[in-house]
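Structure, as structure tokens:
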Amino acid sequence: MLRNRLITAAILIPIVVAGILLLPSDIFAVVLGLLLLLGAREMSQLAGFKSPVAQGLFMAALAGGMLAVFFALAAQTQRPLQLAAGVVWIVATVLLVTRASPVTPVSRRRPGILLLGGIILLVAWCSVLTLHQRAEHGPALVLFLFVLIWTADSGAYFAGRAWGVRKLSPQVSPGKTWAGVGGAMAGALLCALVLEYLGLVPLALPATLLLCLLVTAVSIGGDLFESLLKRQAQVKDSGSLLPGHGGALDRIDSLLAAAPVFAAGLSLLERTA
């Protein structure tokens with residue numbers, strides 16, 4: 001498993017980095033949108049919609065939402081949506097970590113989950129795009145967000161394997177531990193120091209540290225949310241697109257939560273700097 005994960009990551013990471021740094025924002029929006037549409041298909045399956053027609057309609061509706069956001073909503077209009085999504089993700093993370101009741105399998109179709117999934121995917125897409133379109137250091141900030149998530153995920157994986165004993169959220173995701181959280185936070189602190197050193201944002205070090213720690217905490221919430229959906233649907237992975245990594249949704253679950261928090265938090269902190 002680890003070997004497949006490393007091989008897949010070694011192939012994908014250079015492609016992702018090149019796409020973020022080299023593609024114009026409009027082309028980047030299309031590529032990112034296609035990735036999220038793959039995630040939308042898997043989201044519809046987790047919501048109990050097995051019909052290819054239903055999945056296709058959901059993907060088409062999300063694509064239409066992306067087009068509407070791209071052409072109709074300015075970055076200033078999107079910020080309140082990102083802020084609201086950030087607050088919701090913070091609350092959701094706390095609720096998922098503290099959940100005490102067992103997860104009940106669900107076999108019926110759940111339109112509410114489908115609607116919620118569409119909103120999550122759309123807000124995450126516009127959040128990443130808003131960062132990429134920034135006049136100063138836009139693509140570099142998007143790359144930093146991805147590196148922050150990757151570093152936190154790697155720190156959680158290896159720290160959890162080495163020292164993980166106490167479960168983080170045993171009802172939702174028995175494999176995650178508080179030691180893994182510690183590894184993720186250590187990675188976040190390292191990334192914050194790098195961000196401060198590079199001078200990509202006009203923030204004092206304490207604000208940079210706070211932002212990176214909060215984004216990392218919420219990224220864990222995004223992972224837990226997908227774990228909850230998978231346990232309800234009684235599947236191990238959202239798909240089989242990537243060897244050793246599962247489906248597209250398995251790779252972007254942390255990003256879905258982290259992107260609006262990072263975009264909104266960065267905007268708020270810059271105003272107070």
Side-chain angles (χ1 to χ4, degrees), residues 1-2 4-5 8 35-36 38-51 54-55 58-59 62 85 88-121 123-124 149 152-161 164-184 216-259 261:
M1 175 67 76
L2 178 59
N4 288 339
R5 285 173 65 94
T8 303
L35 174 61
L36 265 62
L38 291 176
R41 178 177 177 272
E42 295 170 1
M43 181 73 77
S44 64
Q45 292 174 337
L46 294 178
F49 290 82
K50 308 300 183 183
S51 166
Q55 296 170 11
F58 178 56
M59 295 168 69
L62 181 60
V88 170
W89 273 117
I90 292 171
V91 174
T93 299
V94 173
L95 292 176
L96 288 166
V97 169
T98 58
R99 181 185 175 110
S101 58
V103 176
T104 304
V106 180
S107 58
R108 67 180 185 277
R109 290 185 294 181
R110 295 181 289 167
I113 293 296
L114 199 65
L115 177 60
L116 177 62
I119 295 172
I120 289 172
L121 290 161
V123 173
I149 293 171
D153 185 60
S154 298
Y157 179 80
F158 290 109
R161 284 174 63 91
V165 176
R166 186 183 175 194
K167 304 299 183 182
L168 172 66
S169 181
Q171 299 296 346
V172 177
S173 184
K176 292 180 175 59
T177 65
W178 282 103
V181 174
T216 298
V218 171
S219 75
I220 296 172
D223 196 336
L224 288 173
F225 176 70
E226 197 217 0
S227 295
L228 174 66
L229 295 183
K230 289 190 293 186
R231 287 181 71 81
Q232 290 174 334
Q234 303 181 74
V235 296
K236 182 179 183 296
D237 297 316
S238 65
S240 56
L241 179 66
L242 303 171
H245 289 265
L249 201 59
D250 292 315
R251 288 298 87 208
I252 63 173
D253 52 3
S254 296
L255 178 67
L256 297 180
V261 173

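Side-chain atoms are counted along with the backbone in the values below, which use heavy atoms only and exclude waters and symmetry mates.
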Chi angles and distances behind the side-chain contact (heavy atoms from CB on, under 4.5 Å) call for F225, D253: CA-CA 8 Å; F225 176 70; D253 52 3; over 6 Å; no
Please give me the minimum heavy-atom distance between [X] and [Y], naming the atom from each residue.
| X | Y | value |
| --- | --- | --- |
| A152 | T216 | CB-CG2, 3.6 Å |
| F58 | S44 | CD2-CB, 3.9 Å |
| A85 | V123 | CB-CG1, 3.7 Å |
| S238 | A248 | OG-N, 4.4 Å |
| V218 | A257 | O-CB, 3.4 Å |
| A217 | T93 | O-CG2, 3.6 Å |

I'd like to check [X] versus [Y] (side-chain heavy atoms, cut-off strictly below 4.5 Å). Are they in contact?
| X | Y | value |
| --- | --- | --- |
| L168 | T177 | no |
| L114 | R110 | no |
| L256 | L249 | yes |
| V106 | Q234 | no |
| V235 | Q45 | no |
| F49 | I113 | no |
| L224 | I220 | yes |
| D250 | K230 | yes |

About how many Å separate [atom2] of [Y] and [atom1] of [X], when rounded to the nearest 0.5 Å?
| X | Y | atom1 | atom2 | result |
| --- | --- | --- | --- | --- |
| W89 | S219 | CH2 | OG | 10.5 Å |
| L229 | E42 | CG | CD | 12.0 Å |
| Q171 | T104 | CD | OG1 | 10.0 Å |
| L95 | L228 | CG | CG | 11.0 Å |
| S169 | W178 | OG | CH2 | 9.5 Å |
| R41 | L36 | CZ | CG | 15.0 Å |

Whether S227 side chain and D223 backbone form a donor-acceptor pair below 3.5 Å: yes
With a 3.5 Å distance limit and no angle check, can you tell me whether Q55 reaches the backbone of K50 through a side-chain donor-acceptor pair? yes
Start with the C-alpha gap between D153 and R251, add the side-chain angles, then the distance that decides, and say whether side-chain contact (heavy atoms from CB on, under 4.5 Å) holds. CA-CA 10 Å; D153 185 60; R251 288 298 87 208; 4.2 Å; yes
Around atom CZ of R231, are there more than 12 heavy atoms of other residues, nucleotides or ligands at under 6.0 Å?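 Enclosed.
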